[in-house]
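Worksheet: the structure to be examined is printed underneath.
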Number of protein chains: 2
Amino acid sequence: MRSKIKIIVADDHAVLRAGLKLLLNNETDFIVVGEASDGEDVLTLLEKTNADVLIIDLSMPNMGGLECIKEIKSRGYPIKILVLTMYEDEQYIKEAMRSGALGYVEKHAVDTELFIAVKAVHMGQRYLNPHNSQLLLNSLLTTTPKENADNPYTLLSPREREVLKYIVRGYSMSQIGKMLCLSVKTVDTYKTRMMEKLGLTKKSQLVDYALKYDLLPAKSE
Amino acid sequence: MRSKIKIIVADDHAVLRAGLKLLLNNETDFIVVGEASDGEDVLTLLEKTNADVLIIDLSMPNMGGLECIKEIKSRGYPIKILVLTMYEDEQYIKEAMRSGALGYVEKHAVDTELFIAVKAVHMGQRYLNPHNSQLLLNSLLTTTPKENADNPYTLLSPREREVLKYIVRGYSMSQIGKMLCLSVKTVDTYKTRMMEKLGLTKKSQLVDYALKYDLLPAKSE
DNA sequence: GTTGATGTAAGATAAATTCTTACGTTATAA
DNA sequence: TTATAACGTAAGAATTTATCTTACATCAAC
């Protein structure tokens, strides 16, 4: 008989935790080795407990689930994360999956779904029910290109856009001037004109604008 | 009795086209109003025929499916596109969905799945079977998160990261100071320390760093 | 053939950044 | 249990940068 999947349950509702624990321990494949009531608890637990899977709620006091997931990832714990939550919200799901969760199960799911999900993430696979998949897909796919009428490609001149890209990247006027073989003054003029055109007053707004219209530099990965 | 869903079938295999046509016409909800054997045919057909849904294969001579989908979109035809293909390939699915297809069905799917898919895309909904959803999700999600050991969450202090976020957004030292209720000097210190820690000398490098590790502000859409 | 958008730039002033140095508080390691 | 390093905080002086204004030539469009 192979060893059981060691699970930590994190949820601020003690009753739910207890229920879950019973439910899971009742299965031959699982064993709950720890409980936490908030994100900080989880982090503490992870240091002394060696578990395979973390079942975590997103809404908890102190340190919320998302933050906790990110922290776990940044600290490099190899534990697999399954989000168990009430919300069926694209934004949440997306954010959780992006943060490092492998699966997402709703609290009103039947227990067998939870079991399947735990086993899936334990093997390193993603788990999402079909409905969530559709939701997430939607949100992932619809977030791509902007097609706004007044986007920078129509409002700003080519030279201005070029300069804007450097500004967004954090270069100073003088650096940009050097790179583009222009006088600092010229670069300054472009910047001023862009702000006039767009009705902006602060550089940060320019950055936001560029961000909004995907003028971001390609991520250097 | 409400009107039938008008369908165009595009596939370079005539037998398959004929089979599909029979299959669809046999259903009370559908009627095949046109057939095309390649992408160019489709474009020609679209000008003279008024159909609701296009069932299209990706691999066709002359103009392939992907190219054809893009062309349809760029010309602004309102027809809903359902990809019907042999390939179960993440890349293809992703590309097709990104290009403007609403659904994706494999040729070895049962007919009822095809019917469901046609009805779904006709209503403007996405259709993907659960398996494809998982595949696509995987491919969409795995292109994002960094899990580097020396990412900002371990190297930089919380306060430093906070300041970094504002720097990336294009705020000036003094603006950040105001927002965070800190002296400009303090903000400056954080920035200096970050650059020391990361071995950087220019602000633009800091921005690149933040970009690389997804410290980007959420896109304000 | 004037108007408007664009690419280019300088001078003077005002503002922001950088460099250095410093200090109390926690962890943390010796 | 005391060093020691990391962190959050900040000031003064020196320097760099940005800003504001003004200017001009070109090319397209009207």
Side-chain angles (χ1 to χ4, degrees), chain A residues 40 43-44 46-48 62-63 67 71 74-76 149-210 215, chain B residues 149-210 213 215:
Chain A
E40 285 172 8
L43 268 355
T44 315
L46 283 180
E47 280 175 33
K48 32 191 175 186
N62 278 335
M63 185 190 281
E67 204 183 334
E71 193 58 33
S74 84
R75 295 193 187 176
D150 54 17
N151 71 25
Y153 287 96
T154 59
L155 265 180
L156 304 182
S157 80
R159 207 57 167 157
E160 286 165 354
R161 290 197 295 267
E162 203 173 354
V163 168
L164 179 54
K165 283 181 190 168
Y166 286 105
I167 291 178
V168 175
R169 278 180 144 108
Y171 290 101
S172 69
M173 299 291 101
S174 32
Q175 286 175 310
I176 298 173
K178 271 173 206 150
M179 282 184 286
L180 261 35
C181 294
L182 287 177
S183 156
V184 194
K185 305 305 181 172
T186 309
V187 179
D188 172 42
T189 303
Y190 294 143
K191 189 191 171 190
T192 309
R193 282 191 190 157
M194 280 190 268
M195 306 239 274
E196 266 170 21
K197 281 181 178 178
L198 303 170
L200 309 176
T201 53
K202 289 186 285 298
K203 193 174 82 174
S204 61
Q205 297 177 312
L206 251 192
V207 175
D208 277 345
Y209 180 81
L215 253 54
Chain B
D150 55 17
N151 71 26
Y153 287 96
T154 57
L155 266 180
L156 304 182
S157 78
R159 208 57 167 156
E160 286 164 354
R161 290 196 295 268
E162 203 173 355
V163 168
L164 179 54
K165 283 181 192 168
Y166 285 105
I167 291 178
V168 176
R169 279 183 143 107
Y171 290 101
S172 69
M173 300 291 101
S174 31
Q175 285 175 311
I176 299 173
K178 270 172 209 151
M179 282 184 287
L180 260 37
C181 293
L182 287 176
S183 155
V184 194
K185 307 303 183 173
T186 309
V187 178
D188 172 43
T189 303
Y190 294 143
K191 188 191 171 191
T192 308
R193 282 191 189 155
M194 281 191 267
M195 306 237 275
E196 266 170 21
K197 282 181 179 179
L198 303 170
L200 309 176
T201 53
K202 289 185 285 298
K203 194 173 84 177
S204 61
Q205 297 177 313
L206 249 193
V207 175
D208 277 345
Y209 179 82
Y213 291 107
L215 252 57

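Residue numbering restarts at 1 for every chain, and letters A, B, ... go by the order of the sequence lines.
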* Sugar-phosphate or base contact per nucleotide [nucleotides 14-28 of chain D; S, B, -; heavy atom under 4.0 Å] -> ---SSBB--B-----
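- Shown here are the side-chain contact (heavy atoms from CB on, under 4.5 Å) partners of A:Lys191, two or more places apart in sequence or in another chain: A:Ile167, A:Met173, A:Met195, A:Lys203, A:Leu206.
- A sub-4.0 Å separation between OP1 or OP2 of C:dT8 and a side-chain N or O of A:Tyr190 is present.
- For A:Lys202, the side-chain contact (heavy atoms from CB on, under 4.5 Å) criterion is met by A:Ser204, A:Gln205, B:Gln175, not counting sequence neighbours.
- Residue pairs meeting the ring-ring contact (aromatic ring centres under 6.0 Å, His included) criterion with at least one partner in residues 162-181 of chain B, sequence neighbours excluded, are B:Tyr166-B:Tyr171.
- The CD1 atom of A:Ile176 sits 16 Å away from the C1' atom of C:dA9 (whole-angstrom rounding).
- In this structure, A:Leu182 atom CG and C:dT8 atom C1' are separated by 8 Å, rounded to whole Å.
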* Asked: Which dot-bracket string describes DNA chain D (Watson-Crick N1-N3 plus N6-O4 or O6-N4, or G-U N1-O2 and O6-N3, all under 3.5 Å; [ ] crossing; | other strand)?
  -> ||||||||||||||||||||||||||||||
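- Here B:Thr186 reaches the OP1 or OP2 of D:dA10: one of its side-chain N or O atoms lies under 4.0 Å away.
- In this structure, A:Thr192 OG1 and A:Lys185 NZ are separated by 10.5 Å, a value rounded to the nearest 0.5 Å.
- Summarising the geometry, atom CG belonging to A:Leu164 is positioned 11.0 Å from atom CZ belonging to A:Arg169; distances are rounded to the nearest 0.5 Å.
- Judged as a side-chain contact (heavy atoms from CB on, under 4.5 Å), and not counting sequence neighbours, the contacts of A:Thr186 are A:Leu182, A:Ser183, A:Tyr190.
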